[in-house]
Amino acid sequence: MSTVLETSGLFRRFGKTEALRGVDVSVRRGELVGLVGPDGAGKTTLVRVLAGLLAPDAGTVRVLGRDPSKDPTVREAMGVMPQRYSLYGDLSIAENLQFFGRLFGLRKKDFDERTKRLLDITRLAPFTERRADALSGGMYKKLALACALLHQPEVLLLDEPTNGVDPVSRRELWELLHELVAQGMGVLLATPSMDEAARCHRVILLDQGRVLADGPPELLVRELDHPVLEVLGGDRNVVDAALLAHPDVRAASPAGTRLRVVLAPGSTERVRVALAALGARMTPVVADFEDVFLARTAHHEAVAEAGAEARAS
Amino acid sequence: MTEHAIEVHGLSKHFGAFRAVDDVSFHVETGEIFGYLGANGAGKSTTIRMLCGLLGPTTGDATVAGHSVADDPLGVRRAIGYMSQKFSLYVDLTVEDNLAFFGGAYGLSGKHLRTRMDEVLTLVDLRDARTANTADLPGGIRQRVALANALLHAPRIVFLDEPTAGVDPASRRAFWRLIRRLANEGTTVFVTTHYMDEAEYCARIGLMVAGRLVALDTPSALKTLWVPGTMLAVHGAGLGPAARALDTLAGVHAVEPFGAGLHVRVGADLGDGAAVTRALLAAGASDVSVVVTEASLEDVFLAAVATPEGPAATAAGGAK
């Protein structure tokens, strides 16, 4: 499979903040690549550099063999949906689609076919006369995605396209993505949803401007050396507080019917003893990709560090 | 004071011929974490805006913290906290300047304002970040500042409209820990989310489809009602193409992609998963493993949106 997007040694700094510190990523034709990382990891900066909207301080970007910042014509083959996508707020859904259809020079027949399909999938068809600035966050996102897909790009960059999108539409958008990818589109998708990351062919985990991991999600889950367990019994609030304070606990899900923990490698017995004193026990469960994310980026769970980070910046 | 924090009676909002909210009735207990779910455009935000006294109902009424939203919207607004979907902070101000500004808007000043700022910053674990510039904060922290703003005037009820959209998994856990802390201290929390794993954290859930409230119960009761049968979690290679073989297998109620695998809901006869495994292997899948799992609220959501007329249709028809 041929590579449609490739970077080498990308650096980008904003003032004192090093947003990207030597990032190498690639996307092949027909490949759906997920980009995940804690808030502030550099995901949005990377997407903007890839889109040619922001120049890197060092390193190279190649999209279909060309540099999008020097050769803007390559952008005709790219679809980009930034996190804050600008639609025309005083235009209706139908008018926004028409605007982008003309911008991309689509023929009427293609435009009509694709618009109908995209409106069906996004379930926006009943609302075509509604102005964009009167749409809820999720509906706005869906319209933005429809606009980005109108010209059927070869390379698609999506920055958190499903924030605020409901589960039904999200599922349908994913079916659409899989279909486009099967037809050969290369997609890089930044997402805060680990459920979505697990559906990608490959996931790139970015943290503090560097690539921490890059591989198929099922492989990253298999390679996880952190124990993942369910905690049963004891007083929920007492147990939760103890888990949060325990140095071997990388993450604990705070509520719900069950309490799930990700522990430091080899620490199960220590935590088991500590919990036994509170009348709680643990049983192993099957790890998923969210556990991988929590284990690898656990330093962000520490609230004190978040405060310190904020002061330092 | 009514016995429920929120009581909703026949609440409707029409925009021209469009019924954004259509004859909705329910109540929320004091100190409850109440989840309000629905598809985009189903009427969640319109309901919240009415319950917060920001939008008058077309017909019907609701009592929120003892005030009628139709007759006393100002009383409602003073009694509640609201964190909107597109919450706004002044990014060129520090965290504490933001709080002081919003506190002033609520009529707080002087020593009382200082005390409340200390209290809410402690509650959201941001005492150390008070002098940070809001612009420099990651999304998950900024969202906690927005929550602190909504809590400054010590409301008994808070409305959180998709507070965790776009926030990373660790920050989402930290935020839900805060929500539980609020509820433990007696604050009523009315929250919307599109993350169905988060919805599990709610004591009860209301589900809206096209302006109507089609389901309301605890997460486990909703699962029993809307997605009966046994849920099988299937993993393996080549599941996508092979899954079509399950469409014609008797006793299979629903097949949904779930993460990298499938969720297959089956009747009692197929509960051990053997028939499902055989069918998938025969259709070209390999390394198939099947375990019994619990239905998720995402399964409930999909079933309710597909057949809003009621769960009976789902059980009988085997909705796909």
Side-chain angles (χ1 to χ4, degrees), chain A residues 17 36-41 83 123-124 126-127 135-139 141-142 160 162-171 174-175 178 192-195 198-199 217-218 237 240 244 251-257 286 288-290 293-294 297-298 300-301 303-304 306-311 313, chain B residues 18 33 37-42 44-45 85-86 95 125-133 136-142 162 165-174 176-177 179-180 184 194-198 200-201 219-220 233 235 240 256-260 291 294 297-298 301-302 305-306:
Chain A
T17 310
V36 302
D39 296 338
Q83 221 176 104
R123 296 185 176 231
L124 289 174
F127 307 104
L135 298 175
S136 71
M139 291 167 84
K141 283 274 186 190
K142 291 195 283 187
E160 306 198 349
T162 61
N163 290 355
V165 173
D166 69 65
V168 175
S169 298
R170 186 159 49 197
R171 188 155 292 202
W174 270 86
E175 280 169 16
H178 277 300
S193 158
M194 297 310 120
D195 181 52
R199 295 180 201 191
E218 59 277 9
N237 289 327
D240 186 45
L244 199 57
S253 304
T257 47
V286 179
D288 61 25
F289 191 77
E290 184 148 329
F293 180 95
L294 291 165
T297 64
H300 283 267
E301 173 83 348
V303 165
E309 209 174 275
R311 275 198 311 282
S313 60
Chain B
F18 181 67
I33 301 177
L37 312 183
N40 300 123
K44 297 186 305 293
S45 293
Q85 232 177 60
K86 300 163 188 166
V95 168
D125 289 324
L126 284 181
R127 286 175 66 97
D128 292 340
R130 60 195 309 155
T131 57
N133 263 321
D136 303 331
L137 298 172
I141 307 280
R142 227 185 266 186
E162 292 182 32
V167 169
D168 75 46
S171 302
R172 280 170 54 197
R173 278 167 173 69
W176 273 91
R177 205 168 258 124
I179 291 178
R180 269 173 34 91
N184 284 341
H194 287 305
Y195 295 114
M196 294 301 111
D197 56 337
E198 290 187 355
E200 299 274 356
Y201 301 165
S220 61
H235 290 278
E256 297 284 358
F258 199 88
V291 290
E294 198 182 317
L297 281 171
E298 185 154 339
F301 190 104
L302 294 168
V305 171

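Chain letters run A, B, ... following the sequence lines, proteins first, then strands; residues in each count from 1.
- Exactly one residue among A:Asp166, A:Leu135, A:Val168 makes a side-chain contact (heavy atoms from CB on, under 4.5 Å) with B:Asn40. That residue is A:Asp166.
- B:Pro169 and A:Pro192 make their closest contact through CD-O, 3.8 Å (heavy atoms, listed as atom of the first residue, atom of the second, distance).
- Interface remark: B:Val167 contributes backbone and side-chain atoms alike to the contact with chain A (heavy atom separation under 4.5 Å).
- Contact annotation for A:Met139: both backbone and side-chain heavy atoms come within less than 4.5 Å of a heavy atom of chain B.
- Taking CG from B:Asp168 and CE from A:Met194, the interatomic distance works out to 7.5 Å, rounded to the nearest 0.5 Å.
- Scanning all heavy atoms of the two residues, the minimum distance from B:Arg177 to A:Ala252 falls at NH2-O, 3.1 Å.
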Practice prompt. List the steps and the verdict of side chain to side chain contact (heavy atoms under 4.5 Å, CB included) for B:Trp176 and A:Ser253.
Written response: CA-CA 9 Å; B:Trp176 273 91; A:Ser253 304; over 6 Å; no

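- Considering every non-hydrogen atom in both A:Gly164 and B:Ala165, the closest pair reads N-CB, 4.2 Å.
- Of the two parts of A:Lys141, neither the backbone nor the side chain holds a non-hydrogen atom closer than 4.5 Å to a non-hydrogen atom of chain B.
- The line from CZ of B:Arg180 to CG of A:Asp240 is 6.0 Å long, rounded to the nearest 0.5 Å.
- Rounded to the nearest 0.5 angstrom, B:His194 NE2 and A:Ser169 OG are separated by 8.5 Å.
- Neither the backbone nor the side chain of A:Val286 comes within contact range of chain B; no heavy atom of the residue lies under 4.5 Å from a heavy atom of that chain.
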Fill in: Pair A:Asp195-B:Tyr195, side chain to side chain contact (heavy atoms under 4.5 Å, CB included): steps then yes or no
CA-CA 10 Å; A:Asp195 181 52; B:Tyr195 295 114; over 6 Å; no

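- Side chain of A:Arg123 to backbone of B:Ala39: no donor-acceptor contact under 3.5 angstrom is found.
- Interface residue A:Phe127: only side-chain heavy atoms are found under 4.5 Å from chain B.
- Between B:Pro138 and A:Asp39, the closest heavy-atom pair is CB-CB, 3.6 Å.
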Practice prompt. Quick one: do A:Arg171 and B:Glu298 satisfy side chain to side chain contact (heavy atoms under 4.5 Å, CB included)? Show the steps, please.
Written response: CA-CA 10 Å; A:Arg171 188 155 292 202; B:Glu298 185 154 339; 2.6 Å; yes

Worksheet entry | Test side chain to side chain contact (heavy atoms under 4.5 Å, CB included) applied to A:Leu294 and B:Arg173, step by step | CA-CA 10 Å; A:Leu294 291 165; B:Arg173 278 167 173 69; 3.4 Å; yes

